[in-house]
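Please read the structure below before turning to the comments.
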Amino acid sequence: MSTPAVISQDVSSAVGAMPKGRSLWSHAWDRLKKDKYAILCGSIIFFYAMVALLSKLGVIASPWDKVVGASYAPPSGESFEMWLGADIFGRSVMYKVIHGTEIAFGVGFVVACISVPIGVFFGAIAGYFGGIIDELIVWFYSTLSSIPNLLLLLAIAAALGKGLHAIYISLIVTSWIGLARVIRGEFIKHKSRDYVIAADSLGATHFSKIFKHILPNVLHFVILNFSIQFMSAIKAEVILSFLGVGVQGEPSWGNMIDEAKLELARGVWWQLTGATVAMFFVVLAFNILGDALRDALDPKIK
Amino acid sequence: MFVFLIRRIAASIPIILGIALVVFFLFNVVGGDPALQMAGKHATAQRIAEIRAEYGLDQPKHIQFVKYLGEIATFDFGRSYATRQKISEMILNGIGPTLSLAIPAFLLTTFLAIVISLLVAYFRGKWIDKTGVILCVIGMSIPSLGYILFGQYILAYQLNLFPISGYDYSLAGRFEFLLLPMIIWVMLSVGYDVRYYRTALLEETNQDYVRTARAKGLSEPRVFFKHVLKNTMVPIITNVILEIPLLILGSFLLETFFGIPGLGYITIDALNNSDFPVLKAMTTVISILYIGGTILTDLAYALVDPRIKLK
């Protein structure tokens, strides 16, 4: 008859022969790493983020309103500042584009960082507790989402006055809804799953069940949503600034495109091109990265 | 079906109340004193008091809210501050141009998206597919402003192919002015639709029954157009129908740029003039139209998919 020591040795050698368990995250990360385009886009976004950070710290492109050339000077290769020419006041368009990056990433980051937790919070308690709390929260976000997005943004901006803070608030108020819906659905699904019932029978509190047990299982939606919201915030800021209710006084991509309206009549295309191209690449990168993320996190595609 | 409609409309009432609440909260409570906003910086105290009296702003908030609900119910929002027109008239005038732009653009987008996605899904993996997808992603990433400005500058101004802006109310004359905005609308939306339909078509082709059909020896065109397409119609139609409510929004930017006096144009105009009564009315009415659109969507969706029963 085997002694316990021998038995455990058999077991442990058997365990050693089994493949190590893989979590969704390590799987997803592996798949993501293999996708060349995803890596490329991630690097592009990282590059933009670094530019934004450096601009914010004042290391590059500062001050943005320094006069570097004649009014409407066309692009020339003579110095970095003149690569994209000058605007009506002789300021460097290149510097303005960089400053615009700082604003765009600032808006994207702040809005995504604040509205994601809000969305998760409301979705989680609505889905988990159900009942009157659920009804109230659903009524609230159904109301907000029945007002077409741009219209609501404009209304909030009109009410709060112009400027960056109004943009932050209006974007945050409109962005949390999509995530809340998804999280609520997921929580409703997971609430009655076995592992939650098991945790409950072990005496887990509501708090513990929500945050420790169910939430990790819906985190992939959160990550995907973060990147989508980041991009939407950037696009929305451009449109709002363009319509005149956005950033005042500082150059943002939207402001530059707004100024470009009049400049085009004089044949001045460099400000429009700079802002549009800058925006195009970052939005493209987010689109492709978002797709790759979704594919990597999808358990069905193996 | 009638019962369904009644139930849905009844279910929208709390939402509409909620919208009125949000709009009221934004413009009458949060948004500073509307009278001050409308009167501008150099107004006299008397002018401000006049505005207050006219718009009933001197009454307690809950009475104002009830009055506002009354305005919604009777579709009479008083007069615009900037133009002194009856707001309900402005809205009715604006619907025509907005829909003249939105509906043809929508039909064209849907048609093109279906055709392109069929092509792309049929030749999946080959260069047509790859090029198509890349073009779609690029198309989706160019900011709408870019399309509008470049389009106006190059096609209208330099090449003189289209009028730069403006509108003609006559039925025939209007299309000349709607052509360029329509083209831009289509280019903006086609990318998203094609990718969605392509994904749906490709998912169908991976189904077991397709494998069976091929094993039976059916030719590829037959398999694709006869079997896959029919089953994909449901997600395609769902997407098409879901986009209908958004038509009401028209395109604020396109209308503003091309001078098309639709609902979007009126709203942006009111925004620039701080014309609160118009903004409130626009937000509320457009939202209600949007809700109406979603109800129609649900109805049409149930008609299309026999598995869905209306309750």
Side-chain angles (χ1 to χ4, degrees), chain A residues 37 135 138-162 169-170 173 231 234-235 238-239 241-245 253-254 256-258 260-261 263-265 267 269 272-273 275-288 291 300, chain B residues 11-12 14-23 25-32 34 37 137-138 140-150 152-154 157 195 245-246 248-249 251-253 256-257 264 267-268 270-272 274-276 279-280 282-284 286-291 294:
Chain A
Y37 294 112
E135 304 255 333
V138 169
W139 171 78
F140 187 45
Y141 71 55
S142 299
T143 309
L144 282 181
S145 63
S146 297
I147 307 179
N149 208 25
L150 187 54
L151 200 49
L152 186 55
L153 286 175
L154 290 175
I156 298 181
L160 291 177
K162 312 183 178 188
I169 296 183
S170 60
V173 165
M231 182 182 74
I234 295 182
K235 286 163 97 169
V238 169
I239 294 190
S241 293
F242 178 78
L243 290 173
V245 291
W253 293 336
M256 291 170 72
I257 299 183
D258 192 20
K261 258 188 338 204
E263 292 174 357
L264 275 185
W269 50 267
L272 175 64
T273 312
T276 312
V277 167
M279 217 190 129
F280 169 70
F281 279 112
V282 85
V283 169
L284 185 64
F286 265 107
N287 268 333
I288 297 183
D291 276 354
K300 284 187 276 183
Chain B
S12 334
I15 306 275
I16 296 182
L17 278 177
I19 294 180
L21 203 59
V22 168
V23 169
F25 180 73
L26 274 179
F27 287 103
N28 289 49
V29 177
V30 166
Q37 296 269 13
V137 178
I138 292 184
M140 278 164 55
S141 308
I142 298 181
S144 41
L145 295 172
Y147 280 116
I148 296 178
L149 287 173
F150 279 117
Q152 251 185 340
Y153 184 59
I154 297 180
Y157 183 61
R195 292 190 70 223
L246 293 172
I248 301 294
L249 196 56
S251 168
F252 280 25
L253 290 178
T256 309
F257 258 96
T267 311
I268 303 283
L271 183 67
N272 288 329
S274 289
D275 195 343
F276 277 18
L279 278 174
K280 279 168 64 178
M282 274 299 172
T283 312
T284 318
I286 292 182
S287 306
I288 295 182
L289 287 175
Y290 181 78
I291 294 180
T294 47

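By convention in this document, chain letters (A, B, ...) are assigned in the order of the sequence lines, proteins followed by strands, and residues within each chain are numbered from 1.
- In this structure, no portion of A:Asp258 lies under 4.5 Å from any heavy atom of chain B.
- Heavy atoms closer than 4.5 Å to chain A are found in both the backbone and the side chain of B:Val137.
- Note: B:Leu149 leads B:Leu279, B:Leu149, B:Ile291 in heavy-atom pairs under 4.5 Å with chain A.
- In terms of the side-chain hydrogen bond (donor to acceptor under 3.5 Å, both in side chains) criterion, residue partners of B:Ser141 (sequence neighbours excluded) are, by chain and number, A:Asn287.
- For the pair A:Leu154 and B:Ile268, the minimum side-chain heavy-atom distance is below 4.5 Å.
- Partners of A:Ser145 by side-chain hydrogen bond (donor to acceptor under 3.5 Å, both in side chains), not counting sequence neighbours, listed by chain and number: A:Arg181.
- A:Lys235 and B:Met140 make their closest contact through NZ-O, 4.1 Å (heavy atoms, listed as atom of the first residue, atom of the second, distance).
- Of the listed residues (B:Ile16, B:Ile138, B:Thr267), the one with the most heavy-atom contacts under 4.5 Å to chain A is B:Ile138.
- Here the CG atom belonging to A:Leu153 is positioned 10.5 Å from the CZ atom belonging to B:Phe252, to the nearest 0.5 angstrom.
- Taking CD1 of B:Ile15 as the reference point, atom CZ of A:Phe140 lies at 11.5 Å (rounded to 0.5 Å).
- With rounding to the nearest 0.5 Å, the separation of CD1 in B:Ile286 from OG in A:Ser146 is 13.5 Å.
- Each of A:Thr143, A:Leu144, A:Leu152 was scored for a side chain to side chain contact (heavy atoms under 4.5 Å, CB included) with B:Ile19, with one residue passing: A:Thr143.
- At a 4.5 Å heavy-atom cutoff, the contact between A:Leu272 and chain B is made by side-chain atoms alone.
- Chain A forms more heavy-atom pairs under 4.5 Å with one residue of B:Ile142, B:Leu17, B:Leu21 than with any other, namely B:Ile142.
- Annotation: A:Phe280, atom CZ; neighbour count of heavy atoms from other residues, nucleotides and ligands within 6.0 Å is above 12.
- The shortest side-chain heavy-atom distance between B:Tyr290 and A:Leu151 does not fall under the 4.5 Å cut-off.
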task = Would you sort out whether A:Asp291 and B:Arg195 count as a side-chain contact (heavy atoms from CB on, under 4.5 Å), showing the intermediate values?
result = CA-CA 11 Å; A:Asp291 276 354; B:Arg195 292 190 70 223; 2.3 Å; yes
